[in-house]
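Below you'll find the structure, written out as C-alpha coordinates, and then a few comments.
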Amino acid sequence: MLPIDVIKSFYTDIENYEALDVAKIESGHINVTYEVKDRTLAGTFRGHYIFQRINTSIFKDPVGLMNNIMLVTEHAAASAAAAGKDPSVNTLTLMKSVQDKVYYVDADGYYWRCYLFLPNSVNLDVVEVTPHTYVQAGGALADFQRMLADFDASRLCEVIPGFHDTRNRFRNLQKAIAENKSGRAANAKDDIEFALSLENITGTIVDGLRSGALPLRVTHNDTKLSNIMIDNDTHEVMCLIDLDTVMPGSALYDFGDALRAGGSSAAEDEADLSKVNFLELNFDKYCEGYIGGARDFLTDAELDLLPESAAILTYECGIRFLSDYLDGDTYFATKYPEHNLVRARNQFKLVKDILGKLDRLHEIANKYR
Ligand code: GN1
Ligand code: MG
(Lines give C-alpha, C1' and ligand atoms only; values in the text may rest on other atoms or scores of the structure.)
(Ligands and ions follow the chains in the order given, each with its own letter.)
Protein backbone atom coordinates (compact mmCIF):
# COMPACT_ATOMS: atom_id res chain seq x y z
CA MET A 1 0.00 0.00 0.00
CA LEU A 2 1.13 3.51 -0.81
CA PRO A 3 -0.12 5.68 2.08
CA ILE A 4 -1.87 8.89 1.06
CA ASP A 5 0.30 10.95 3.43
CA VAL A 6 3.35 9.79 1.45
CA ILE A 7 1.82 11.03 -1.81
CA LYS A 8 0.77 14.30 -0.20
CA SER A 9 4.21 14.90 1.27
CA PHE A 10 5.81 15.01 -2.20
CA TYR A 11 2.92 16.07 -4.36
CA THR A 12 1.06 19.01 -2.97
CA ASP A 13 -1.09 19.47 -6.07
CA ILE A 14 -2.85 16.22 -5.26
CA GLU A 15 -5.70 18.15 -3.62
CA ASN A 16 -6.79 19.20 -7.12
CA TYR A 17 -6.61 15.80 -8.76
CA GLU A 18 -9.29 14.61 -11.12
CA ALA A 19 -8.20 11.01 -11.74
CA LEU A 20 -5.37 9.33 -9.83
CA ASP A 21 -4.02 5.87 -10.75
CA VAL A 22 -1.68 4.06 -8.36
CA ALA A 23 -0.11 0.83 -9.66
CA LYS A 24 2.45 -1.40 -7.99
CA ILE A 25 5.46 -2.21 -10.20
CA GLU A 26 6.64 -5.77 -9.57
CA SER A 27 9.98 -5.83 -11.43
CA GLY A 28 12.40 -4.85 -8.62
CA HIS A 29 13.51 -7.35 -5.99
CA ILE A 30 14.59 -4.96 -3.25
CA ASN A 31 12.47 -1.83 -2.86
CA VAL A 32 8.68 -1.52 -3.11
CA THR A 33 7.75 0.59 -6.15
CA TYR A 34 4.54 2.34 -7.24
CA GLU A 35 3.76 4.29 -10.38
CA VAL A 36 1.40 7.21 -9.77
CA LYS A 37 -0.43 8.92 -12.63
CA ASP A 38 -2.42 12.07 -12.10
CA ARG A 39 -4.60 12.83 -15.13
CA THR A 40 -7.34 15.24 -15.98
CA LEU A 41 -10.72 13.67 -16.71
CA ALA A 42 -9.91 14.25 -20.39
CA GLY A 43 -6.84 11.99 -19.92
CA THR A 44 -4.00 14.56 -20.09
CA PHE A 45 -1.15 13.96 -17.65
CA ARG A 46 -0.88 16.48 -14.82
CA GLY A 47 1.79 14.52 -13.00
CA HIS A 48 3.55 11.16 -13.39
CA TYR A 49 5.74 9.81 -10.59
CA ILE A 50 7.57 6.79 -9.20
CA PHE A 51 7.24 6.31 -5.43
CA GLN A 52 9.58 3.87 -3.71
CA ARG A 53 9.80 2.49 -0.22
CA ILE A 54 13.48 1.90 0.56
CA ASN A 55 14.42 -1.54 1.88
CA THR A 56 16.23 -0.56 5.06
CA SER A 57 17.15 -4.13 6.00
CA ILE A 58 19.54 -4.05 3.00
CA PHE A 59 20.28 -0.31 2.99
CA LYS A 60 20.95 0.45 6.63
CA ASP A 61 21.75 4.13 6.13
CA PRO A 62 18.81 5.43 4.04
CA VAL A 63 19.69 9.06 4.78
CA GLY A 64 23.27 8.59 3.53
CA LEU A 65 21.97 6.67 0.51
CA MET A 66 19.47 9.41 -0.36
CA ASN A 67 22.14 12.07 0.12
CA ASN A 68 24.29 10.18 -2.45
CA ILE A 69 21.42 10.06 -4.94
CA MET A 70 20.57 13.73 -4.39
CA LEU A 71 24.18 14.89 -4.94
CA VAL A 72 24.63 12.72 -8.02
CA THR A 73 21.31 13.53 -9.71
CA GLU A 74 21.67 17.27 -9.07
CA HIS A 75 25.19 17.27 -10.49
CA ALA A 76 24.15 15.15 -13.49
CA ALA A 77 21.21 17.47 -14.18
CA ALA A 78 23.46 20.54 -14.12
CA SER A 79 25.97 18.82 -16.46
CA ALA A 80 23.21 17.78 -18.85
CA ALA A 81 21.77 21.31 -18.91
CA ALA A 82 25.24 22.81 -19.49
CA ALA A 83 25.69 20.46 -22.47
CA GLY A 84 22.36 21.65 -23.93
CA LYS A 85 20.60 18.38 -23.07
CA ASP A 86 17.34 17.76 -21.27
CA PRO A 87 18.05 16.93 -17.59
CA SER A 88 14.64 15.35 -17.11
CA VAL A 89 15.60 12.73 -19.73
CA ASN A 90 19.33 12.34 -18.99
CA THR A 91 19.04 11.68 -15.26
CA LEU A 92 16.45 10.77 -12.68
CA THR A 93 14.86 13.75 -10.93
CA LEU A 94 14.09 13.51 -7.21
CA MET A 95 11.07 15.33 -5.79
CA LYS A 96 11.46 17.27 -2.54
CA SER A 97 9.01 16.69 0.27
CA VAL A 98 7.02 19.44 1.98
CA GLN A 99 9.73 19.29 4.66
CA ASP A 100 12.23 20.12 1.86
CA LYS A 101 13.87 16.69 2.04
CA VAL A 102 14.41 14.10 -0.70
CA TYR A 103 12.85 11.40 1.48
CA TYR A 104 9.83 11.10 3.76
CA VAL A 105 9.48 8.91 6.84
CA ASP A 106 5.92 7.62 7.25
CA ALA A 107 4.05 6.90 10.48
CA ASP A 108 5.45 3.33 10.56
CA GLY A 109 9.04 4.52 10.16
CA TYR A 110 9.37 3.52 6.48
CA TYR A 111 11.56 5.68 4.25
CA TRP A 112 10.02 6.80 0.96
CA ARG A 113 11.28 8.73 -2.04
CA CYS A 114 9.66 10.09 -5.17
CA TYR A 115 11.07 10.49 -8.69
CA LEU A 116 9.56 12.14 -11.72
CA PHE A 117 8.56 9.35 -14.12
CA LEU A 118 10.89 9.28 -17.15
CA PRO A 119 8.52 10.23 -20.00
CA ASN A 120 7.85 7.54 -22.62
CA SER A 121 10.62 5.30 -21.29
CA VAL A 122 11.17 1.54 -21.47
CA ASN A 123 13.98 -0.70 -20.12
CA LEU A 124 16.74 -1.60 -22.59
CA ASP A 125 16.17 -5.35 -22.13
CA VAL A 126 12.49 -5.14 -23.06
CA VAL A 127 13.28 -4.62 -26.73
CA GLU A 128 15.14 -7.40 -28.60
CA VAL A 129 18.77 -7.73 -27.45
CA THR A 130 21.17 -7.50 -30.42
CA PRO A 131 24.89 -6.58 -30.65
CA HIS A 132 23.77 -2.94 -30.96
CA THR A 133 22.20 -3.21 -27.50
CA TYR A 134 25.75 -3.38 -26.12
CA VAL A 135 26.77 -0.23 -27.99
CA GLN A 136 23.82 1.46 -26.24
CA ALA A 137 24.68 -0.04 -22.84
CA GLY A 138 28.31 1.12 -23.13
CA GLY A 139 27.11 4.55 -24.22
CA ALA A 140 24.76 4.79 -21.24
CA LEU A 141 27.62 4.11 -18.82
CA ALA A 142 29.84 6.65 -20.62
CA ASP A 143 27.07 9.29 -20.40
CA PHE A 144 26.61 8.65 -16.69
CA GLN A 145 30.34 8.91 -15.99
CA ARG A 146 30.78 11.96 -18.22
CA MET A 147 28.08 13.95 -16.41
CA LEU A 148 29.84 13.13 -13.13
CA ALA A 149 33.47 13.34 -14.29
CA ASP A 150 34.00 16.67 -12.47
CA PHE A 151 32.13 15.62 -9.32
CA ASP A 152 34.23 14.93 -6.19
CA ALA A 153 33.26 11.30 -5.52
CA SER A 154 34.75 11.41 -2.02
CA ARG A 155 31.59 13.35 -1.02
CA LEU A 156 29.60 10.12 -1.40
CA CYS A 157 29.21 7.55 1.36
CA GLU A 158 30.05 3.90 0.78
CA VAL A 159 26.58 2.38 0.82
CA ILE A 160 28.13 -1.10 1.07
CA PRO A 161 31.67 -0.64 2.45
CA GLY A 162 34.44 -2.34 0.45
CA PHE A 163 31.97 -3.51 -2.21
CA HIS A 164 34.61 -3.93 -4.94
CA ASP A 165 37.69 -4.13 -2.72
CA THR A 166 38.97 -7.28 -4.43
CA ARG A 167 41.82 -7.67 -1.93
CA ASN A 168 39.27 -7.72 0.88
CA ARG A 169 37.07 -10.17 -1.04
CA PHE A 170 40.16 -12.40 -1.32
CA ARG A 171 40.78 -12.23 2.45
CA ASN A 172 37.12 -13.15 2.99
CA LEU A 173 37.67 -16.18 0.75
CA GLN A 174 40.75 -17.24 2.76
CA LYS A 175 38.69 -16.95 5.94
CA ALA A 176 35.81 -18.95 4.43
CA ILE A 177 38.26 -21.70 3.39
CA ALA A 178 39.88 -21.80 6.85
CA GLU A 179 36.53 -21.88 8.68
CA ASN A 180 34.80 -24.22 6.18
CA LYS A 181 31.52 -23.62 8.03
CA SER A 182 29.48 -25.69 5.57
CA GLY A 183 31.96 -28.59 5.57
CA ARG A 184 31.89 -28.44 1.75
CA ALA A 185 35.50 -27.36 1.05
CA ALA A 186 36.43 -30.85 -0.18
CA ASN A 187 33.83 -30.56 -2.98
CA ALA A 188 35.52 -27.41 -4.21
CA LYS A 189 39.19 -28.40 -4.03
CA ASP A 190 40.11 -27.48 -7.63
CA ASP A 191 38.01 -24.32 -7.53
CA ILE A 192 39.71 -23.15 -4.35
CA GLU A 193 43.10 -23.90 -5.87
CA PHE A 194 42.24 -21.87 -8.97
CA ALA A 195 40.86 -18.98 -6.92
CA LEU A 196 43.96 -18.80 -4.71
CA SER A 197 46.28 -18.94 -7.73
CA LEU A 198 45.03 -15.54 -8.93
CA GLU A 199 45.84 -13.44 -5.86
CA ASN A 200 48.15 -11.41 -8.10
CA ILE A 201 45.19 -9.77 -9.88
CA THR A 202 43.34 -8.70 -6.72
CA GLY A 203 45.31 -5.47 -6.23
CA THR A 204 45.31 -4.13 -9.80
CA ILE A 205 42.36 -1.75 -9.34
CA VAL A 206 42.25 -1.12 -5.57
CA ASP A 207 45.99 -0.41 -5.31
CA GLY A 208 45.67 1.95 -8.27
CA LEU A 209 42.87 3.83 -6.48
CA ARG A 210 44.86 4.01 -3.23
CA SER A 211 48.04 5.27 -4.91
CA GLY A 212 46.14 7.75 -7.07
CA ALA A 213 47.24 6.04 -10.30
CA LEU A 214 43.52 5.51 -11.00
CA PRO A 215 41.06 8.38 -10.36
CA LEU A 216 38.25 8.07 -7.83
CA ARG A 217 34.93 8.37 -9.66
CA VAL A 218 31.24 7.88 -9.13
CA THR A 219 30.34 4.24 -9.77
CA HIS A 220 26.85 2.88 -10.36
CA ASN A 221 27.46 -0.78 -9.43
CA ASP A 222 24.43 -2.28 -11.15
CA THR A 223 24.64 -1.49 -14.86
CA LYS A 224 22.53 -4.42 -16.09
CA LEU A 225 20.40 -3.86 -19.19
CA SER A 226 17.19 -3.58 -17.17
CA ASN A 227 18.67 -0.55 -15.35
CA ILE A 228 19.15 1.37 -18.62
CA MET A 229 16.15 3.34 -19.89
CA ILE A 230 15.53 4.12 -23.55
CA ASP A 231 12.90 6.14 -25.37
CA ASN A 232 10.05 3.86 -26.38
CA ASP A 233 9.76 5.40 -29.88
CA THR A 234 13.29 6.40 -30.92
CA HIS A 235 15.05 3.74 -28.77
CA GLU A 236 17.64 6.37 -27.86
CA VAL A 237 19.32 5.94 -24.49
CA MET A 238 17.89 8.17 -21.76
CA CYS A 239 19.75 7.34 -18.53
CA LEU A 240 20.68 4.80 -15.87
CA ILE A 241 18.20 4.10 -13.10
CA ASP A 242 18.52 2.22 -9.77
CA LEU A 243 20.96 4.57 -8.08
CA ASP A 244 20.90 2.83 -4.67
CA THR A 245 24.41 1.43 -5.06
CA VAL A 246 25.99 4.65 -6.35
CA MET A 247 29.31 4.88 -4.50
CA PRO A 248 32.86 6.20 -4.85
CA GLY A 249 35.17 3.82 -6.76
CA SER A 250 36.82 3.15 -10.12
CA ALA A 251 35.25 3.46 -13.58
CA LEU A 252 36.74 -0.01 -14.13
CA TYR A 253 34.30 -1.49 -11.62
CA ASP A 254 31.33 -0.63 -13.80
CA PHE A 255 33.02 -1.49 -17.10
CA GLY A 256 34.30 -4.83 -15.80
CA ASP A 257 31.04 -5.80 -14.14
CA ALA A 258 29.04 -4.90 -17.26
CA LEU A 259 31.21 -7.25 -19.33
CA ARG A 260 31.08 -9.97 -16.67
CA ALA A 261 27.39 -10.21 -17.40
CA GLY A 262 27.07 -8.88 -20.96
CA GLY A 263 30.21 -10.55 -22.34
CA SER A 264 29.21 -14.07 -21.42
CA SER A 265 27.56 -16.45 -23.86
CA ALA A 266 25.56 -18.00 -20.99
CA ALA A 267 23.73 -17.14 -17.78
CA GLU A 268 25.95 -16.83 -14.70
CA ASP A 269 24.57 -20.10 -13.34
CA GLU A 270 24.87 -22.20 -16.52
CA ALA A 271 26.32 -25.51 -15.30
CA ASP A 272 27.52 -26.76 -18.71
CA LEU A 273 30.84 -24.93 -18.88
CA SER A 274 31.29 -25.71 -22.58
CA LYS A 275 28.51 -23.16 -23.12
CA VAL A 276 30.28 -20.46 -21.10
CA ASN A 277 32.55 -18.33 -23.28
CA PHE A 278 33.55 -14.70 -23.44
CA LEU A 279 32.08 -13.11 -26.56
CA GLU A 280 34.53 -10.84 -28.37
CA LEU A 281 31.66 -9.33 -30.37
CA ASN A 282 29.83 -8.13 -27.24
CA PHE A 283 33.10 -6.76 -25.83
CA ASP A 284 33.75 -4.97 -29.12
CA LYS A 285 30.25 -3.43 -29.22
CA TYR A 286 30.36 -2.39 -25.56
CA CYS A 287 33.78 -0.78 -26.17
CA GLU A 288 32.39 1.04 -29.20
CA GLY A 289 29.68 2.66 -27.06
CA TYR A 290 31.72 3.11 -23.90
CA ILE A 291 35.14 4.21 -25.18
CA GLY A 292 33.46 6.22 -27.95
CA GLY A 293 31.59 8.20 -25.29
CA ALA A 294 34.23 8.27 -22.55
CA ARG A 295 37.66 8.49 -24.18
CA ASP A 296 37.89 12.26 -23.69
CA PHE A 297 37.70 12.04 -19.88
CA LEU A 298 39.11 8.57 -19.13
CA THR A 299 42.81 8.49 -18.29
CA ASP A 300 45.30 6.29 -20.15
CA ALA A 301 45.69 4.20 -16.98
CA GLU A 302 41.95 3.46 -17.05
CA LEU A 303 41.83 2.79 -20.80
CA ASP A 304 44.85 0.46 -20.51
CA LEU A 305 43.05 -1.77 -17.98
CA LEU A 306 39.63 -2.23 -19.60
CA PRO A 307 40.20 -5.86 -20.69
CA GLU A 308 41.80 -6.77 -17.34
CA SER A 309 38.87 -5.21 -15.48
CA ALA A 310 36.48 -7.69 -17.12
CA ALA A 311 38.64 -10.55 -15.77
CA ILE A 312 39.04 -8.98 -12.31
CA LEU A 313 35.36 -8.19 -11.74
CA THR A 314 34.36 -11.65 -13.00
CA TYR A 315 36.96 -13.23 -10.71
CA GLU A 316 35.74 -11.13 -7.77
CA CYS A 317 32.15 -12.27 -8.31
CA GLY A 318 33.38 -15.86 -8.59
CA ILE A 319 35.21 -15.74 -5.27
CA ARG A 320 32.14 -14.16 -3.65
CA PHE A 321 30.03 -17.12 -4.87
CA LEU A 322 32.71 -19.57 -3.71
CA SER A 323 33.01 -17.92 -0.28
CA ASP A 324 29.25 -18.01 0.12
CA TYR A 325 29.22 -21.71 -0.85
CA LEU A 326 31.84 -22.44 1.83
CA ASP A 327 29.99 -20.29 4.38
CA GLY A 328 26.75 -22.23 3.79
CA ASP A 329 24.83 -19.94 1.37
CA THR A 330 24.11 -17.03 3.68
CA TYR A 331 24.31 -14.11 1.18
CA PHE A 332 23.13 -15.04 -2.32
CA ALA A 333 19.72 -16.65 -2.73
CA THR A 334 20.15 -20.21 -4.02
CA LYS A 335 17.69 -22.49 -5.81
CA TYR A 336 19.49 -25.80 -5.10
CA PRO A 337 22.32 -26.91 -2.76
CA GLU A 338 25.26 -26.56 -5.17
CA HIS A 339 23.99 -23.39 -6.85
CA ASN A 340 26.75 -21.13 -5.53
CA LEU A 341 29.45 -23.65 -6.54
CA VAL A 342 27.97 -23.84 -10.05
CA ARG A 343 28.01 -20.05 -10.24
CA ALA A 344 31.61 -19.88 -9.00
CA ARG A 345 32.80 -22.48 -11.57
CA ASN A 346 30.91 -20.61 -14.31
CA GLN A 347 32.62 -17.33 -13.40
CA PHE A 348 36.05 -19.00 -13.20
CA LYS A 349 35.57 -20.54 -16.65
CA LEU A 350 34.82 -17.05 -17.94
CA VAL A 351 37.90 -15.62 -16.17
CA LYS A 352 40.13 -18.24 -17.86
CA ASP A 353 38.60 -17.41 -21.21
CA ILE A 354 39.08 -13.65 -20.73
CA LEU A 355 42.68 -14.05 -19.55
CA GLY A 356 43.42 -16.25 -22.57
CA LYS A 357 42.01 -13.58 -24.91
CA LEU A 358 43.63 -10.52 -23.31
CA ASP A 359 45.86 -9.63 -26.29
CA ARG A 360 42.92 -9.78 -28.66
CA LEU A 361 40.72 -7.75 -26.28
CA HIS A 362 43.39 -5.04 -26.07
CA GLU A 363 43.47 -4.88 -29.88
CA ILE A 364 39.69 -4.45 -29.89
CA ALA A 365 39.67 -1.77 -27.18
CA ASN A 366 42.52 0.10 -28.89
CA LYS A 367 40.47 0.47 -32.09
CA TYR A 368 38.19 2.90 -30.25
CA ARG A 369 40.78 4.99 -28.36
C1 GN1 B 1 23.85 -9.19 -6.73
O2 GN1 B 1 20.98 -7.97 -6.62
P3 GN1 B 1 21.62 -8.26 -7.93
O4 GN1 B 1 21.25 -9.60 -8.47
O5 GN1 B 1 21.47 -7.12 -8.94
C6 GN1 B 1 25.06 -8.47 -6.15
C7 GN1 B 1 26.06 -8.14 -7.26
C8 GN1 B 1 26.47 -9.44 -7.96
C9 GN1 B 1 25.20 -10.14 -8.48
C10 GN1 B 1 25.56 -11.49 -9.07
C11 GN1 B 1 24.34 -5.76 -3.63
O12 GN1 B 1 23.22 -8.31 -7.64
O13 GN1 B 1 27.20 -7.53 -6.70
O14 GN1 B 1 27.33 -9.13 -9.06
O15 GN1 B 1 24.27 -10.36 -7.41
N16 GN1 B 1 24.62 -7.24 -5.50
C17 GN1 B 1 24.90 -7.02 -4.20
O18 GN1 B 1 24.41 -12.12 -9.52
O19 GN1 B 1 25.60 -7.77 -3.50
MG1 MG C 1 20.03 -3.20 -8.23
Atom [atom1] in [X], atom [atom2] in [Y]: separation rounded to 0.5 Å?
X    : Y    : atom1 : atom2 : value
N68  : L243 : CG    : CG    : 10.0 Å
N340 : L322 : CG    : CG    : 9.0 Å
I319 : I192 : CD1   : CD1   : 12.0 Å
T93  : I50  : OG1   : CD1   : 12.5 Å
E236 : I230 : CD    : CD1   : 10.0 Å
L350 : F278 : CG    : CZ    : 6.5 Å

State, to 0.1 Å, how close [X] and [Y] come at their nearest heavy-atom pair, and which atoms those are.
X    : Y    : result
I228 : L240 : CG1-CD2, 3.5 Å
I241 : S226 : CD1-O, 4.1 Å
P131 : L281 : CG-CD2, 3.8 Å
A267 : N346 : O-ND2, 2.8 Å
S154 : L216 : N-CD2, 3.8 Å
A137 : L225 : CB-CD2, 3.9 Å

Handout entry: Given Y115, W112, Y49, the one that forms ring-ring contact (aromatic ring centres under 6.0 Å, His included) with Y11
Key = Y49

Would you call [X]-[Y] a salt bridge at under 4.0 Å N-O?
X    : Y    : value
R260 : E268 : yes
D152 : R217 : no
D329 : K335 : no
D143 : R146 : yes

Same hydrophobic cluster for [X] and [Y], using side-chain heavy-atom links shorter than 4.5 Å among ILVMFWY?
X    : Y    : result
V98  : L94  : no
M229 : V127 : yes
V63  : I54  : yes
F45  : V22  : no

Problem - Test ring-ring contact (aromatic ring centres under 6.0 Å, His included) applied to F51 and Y34, step by step - result: CA-CA 5 Å; F51 282 79; Y34 296 92; 8.3 Å; no

Side-chain donor-acceptor pair present, [X], [Y], cut-off under 3.5 Å:
X    : Y    : answer
D5   : Y104 : yes
D233 : N120 : yes
Y325 : D191 : no
N31  : D244 : yes
Q347 : R320 : no
Y134 : E288 : no
Q52  : T33  : yes

Give me the ring orientation class for [X] and [Y]: parallel if the planes are under 30° apart, tilted from 30 to 60°, perpendicular past 60°.
X    : Y    : value
Y253 : H164 : tilted
H48  : F117 : parallel
F151 : H75  : perpendicular

Practice task
Mind running side-chain contact (heavy atoms from CB on, under 4.5 Å) on L173 and L326 for me, showing each step along the way?
Solution key: CA-CA 9 Å; L173 172 66; L326 299 172; 4.3 Å; yes

Exercise for the section: Please say whether the positively charged group of R53, taken as NZ for Lys or CZ for Arg, lies over the ring of Y110, i.e. under 6.0 angstrom from the six-membered ring centre and within 45 degrees of the axis. Expected result: yes

Exercise for the section: Would you kindly check if the NZ (Lys) or CZ (Arg) of R343 is within the cone defined by 45 degrees around the ring axis of F321 and under 6.0 Å from the six-membered ring centre? Expected result: yes

Under 3.5 Å, which donor-acceptor pairs do the side chains of residues 193-203 form with other protein atoms, sequence neighbours left out?
residue : atom : partner : partner atom : Å
S197    : OG   : F194    : O            : 2.6
T202    : OG1  : E199    : O            : 2.7

Handout entry: Any T166 side-chain heavy atom under 4.5 Å of T204 side chain
Key = no

Do any N or O atoms from the side chain of [X] and from the backbone of [Y] form a donor-acceptor pair under 3.5 angstrom?
X    : Y    : result
D327 : A176 : no
N232 : V122 : no
D38  : L20  : no
D257 : A261 : no
D254 : T219 : no
E280 : I364 : no
S265 : N277 : yes
S309 : F255 : no
D106 : P3   : no
K349 : L273 : yes

Problem - Neighbour count >12 (heavy atoms, 6.0 Å) for atom NZ, K367 - result: yes

Practice task
Please indicate whether E128 has more than 12 foreign heavy atoms, meaning atoms of other residues, nucleotides or ligands, lying under 6.0 Å from its CD.
Solution key: no

Handout entry: Full working for salt bridge (Lys or Arg N to Asp or Glu O under 4.0 Å) between D165 and R210
Key = CA-CA 11 Å; D165 183 337; R210 283 188 191 123; 2.9 Å; yes

Exercise for the section: Check step by step if side-chain contact (heavy atoms from CB on, under 4.5 Å) holds for Y286 and L141. Expected result: CA-CA 10 Å; Y286 200 90; L141 178 60; 3.5 Å; yes

Handout entry: salt bridge (Lys or Arg N to Asp or Glu O under 4.0 Å) between K224 and D242, worked out
Key = CA-CA 10 Å; K224 56 182 162 229; D242 187 5; 5.4 Å; no

Practice task
Report the C-alpha separation of K175 and E179 in whole Å, then their side-chain angles, then the decisive distance to 0.1 Å, and conclude whether the salt bridge (Lys or Arg N to Asp or Glu O under 4.0 Å) test is met.
Solution key: CA-CA 6 Å; K175 187 163 167 275; E179 293 178 353; 3.7 Å; yes

